[in-house]
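Worksheet: one structure, shown below.
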2 protein chains.
Amino acid sequence: MTRTSPHTAGSASRGQPRATMKDVAALAKVGLSTVSRVVNGDNRVSDAKTAAVLQAIRELGFRRNDSARQLRVGATQSIGLVIENVIDPFFSHLTHAVENYSLERNTLLLSASSTRDPERTRRLVLEFCARRVDGLIVTPADTEETGYLQAEMDAGTPMVFVDRPPRGIEADTVLTGDRSGAARGVAHLIRHGHRRIACVTDRGQLHTAAQRLAGYRDALDAAAIRYDPELVYSATPSVENFRTPVARMLALDNPPTAVFTGNNRSTVAILRVMAGWDTRPALVGFDDFELADALHPGVTVVAQHPAEMGRAAAEQLFRRIGGDTGPPRHTILGTTLIPRGSGEIPPSRK
Amino acid sequence: MTRTSPHTAGSASRGQPRATMKDVAALAKVGLSTVSRVVNGDNRVSDAKTAAVLQAIRELGFRRNDSARQLRVGATQSIGLVIENVIDPFFSHLTHAVENYSLERNTLLLSASSTRDPERTRRLVLEFCARRVDGLIVTPADTEETGYLQAEMDAGTPMVFVDRPPRGIEADTVLTGDRSGAARGVAHLIRHGHRRIACVTDRGQLHTAAQRLAGYRDALDAAAIRYDPELVYSATPSVENFRTPVARMLALDNPPTAVFTGNNRSTVAILRVMAGWDTRPALVGFDDFELADALHPGVTVVAQHPAEMGRAAAEQLFRRIGGDTGPPRHTILGTTLIPRGSGEIPPSRK
DNA sequence: ATGAAAGCGCTAACAT
DNA sequence: ATGTTAGCGCTTTCAT
């Protein structure tokens, strides 16, 4: 029933500064180190003093300033996570896994979206390092200068790279088996009779997009299907960017009977482009997404495992933070083909 | 071409501790404060010394320890964000908006998902406060004890609550107009001829679920439709939880011809439950979601504006951090009804 | 068992 | 213009 009124004269918030250990020590009439001992659960302190300290702590609403503590002990118990964008479900799942893993280790997460902006990425990484995070998990922007990453690693901040490798840097990575996964997806279409297969991916500079395109070609090669550049289109995924090129492809004399999309953003965009079409090409998308199974037909995908990737990255990072100085470790996570209908549509014979 | 080998003896990472200003001062043969001045862009320092310091900084790979700085200046330039779960698109959009807003203010984001666990929520809030975040944006777990929140606010950490108000605490809130929004959605169904309308929501303890259920009743009342508890079901949204109750409802003698769902998780679950059904009731969902427009029929929703909520919460928090001690401010964001087909299905007349 | 004192890396008077 | 010093809040020897 201690309903303090938070907006009366002087206001409870913005009140006097928070109590410090010194204040507690003074009130409890003990030495500073005794307070520290009590706060840290050091048992060699008399019951009487312990009680006095506890009482003072309660009275003053004391809560230890962990920033100060961390300055002294030299570890911030926090790690930084720089992803492309939280609103992309791939990254939000990855983030959640990292969150859970680090929380178990009493480590907090500084997280941020780079939004594919190399300047923003750089700024974030550098600010995290300035805050002396214990380590960093980074999805590098594909177009960026990576010199500063090497510098910060050399300076002592462990980093593991996730989803994409950093340019020209030897470091721990956690990636999806992009190339083989894409090949599997395309082979699935081929197995269902397709020989004219379009490939729609994210911008070619994107490492994952390039890898998946390579996988697409691998599958074609394996089936002795000629690679036709007219069936390939790469751009930042959006309905606007994809509408015309895709329509053009399908208006070719010898149009594709199936399409393979290189990531969930692309798949979703393509689905929108094709919304309302009477006949649709078969479709296999790379990366799963919510409601893929609720569409008609369900969307066949090559599923990635973002949560596992986040967890693997966190594991490796904590290994480094723990002092592991072994050689860079490269983890590749496999993919799972999930047939749901769209990938099993036979080629329309005309 | 300075490819340092990161895994040779001694290893570049985990090397000697990072250089400090003292080290820089020593190497540049200047005083500590001169280094500080240079680092902070204080211009009243000679060109010669400036150059010497800059040189030393480069040589040592010095980067200011912001934690130490912050301890001294008394502000961490970071805020905490406790949401329910990043993997919920509602919250990831909210998060992204907060991210952007605080980045503009040179403030970093400590973020975490409470996963509806009151203990985890409490732990996160307290740890954030111990780190002395400049402020906190919190989606309170609905079942939780809120005493500690009041205590931390009183101790000087400003907080704004988003999506749900904290129990028994007067503080800044940013909420959706849940009740009126739900009423609008249900009225839309009524306008399309429905009089038997089911309501499927999240657990009743959830503030938003309760409000939206109230809005549902408001709409029925306004249309003089009797409230039938048989048409209402509340539980943590999942296909398993919803399948049987919903099937039972639709098997009633006088079954519902439409259903209103209380949040995006519920809508998605219901869509899965109904997947493959030949005839489907009309559907209006609260909160928009990706691909709502790509389904057949498109799903009519009462859209919330999570990004705007995040931004509004961040704005208010920074106002408080800036020293605003005015009375608690309650912001309600309106909703947008988006007809896409599912909500315009007429009642099946039999 | 307890306290005094040094110091983590920085900033901000205060001298000069 | 530059250096010296105190101190942010804590932990951690080191005495006692």
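Naming convention: chains lettered A, B, ... in sequence-line order (proteins, then strands); numbering from 1 in each chain.
A/L109 places a side-chain heavy atom less than 4.5 Å from the side chain of A/I79. A/Q55 is not listed as a side-chain neighbour of A/L27, based on a closest heavy-atom distance of 4.5 Å or more.
The distance from atom NZ of B/K29 to atom C1' of D/dT2 is 17 Å, rounded to the nearest whole Å.
Ionic pairing of A/R18 and B/E152 is present here: one or more N-O contacts between side-chain nitrogen and carboxylate oxygen are shorter than 4.0 angstrom. With respect to the salt-bridge test (charged N to carboxylate O, under 4.0 angstrom), the residues B/R320 and B/D172 qualify. Using a cutoff of 4.0 Å between basic side-chain nitrogens and carboxylate oxygens, A/R319 and A/E315 are scored as salt-bridged.
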The contact string for nucleotides 8-16 of chain C, one letter per nucleotide 5' to 3', using protein heavy atoms under 4.0 Å with B, S and - for base, sugar-phosphate only and none, comes out as BBBBB----
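Nearest to the side chain of B/S46, among C/dA1, D/dG3, D/dA1, sits D/dA1.
Listed pair B/T34 / D/dG3 meets the phosphate criterion, a side-chain N or O lying under 4.0 Å from OP1 or OP2.
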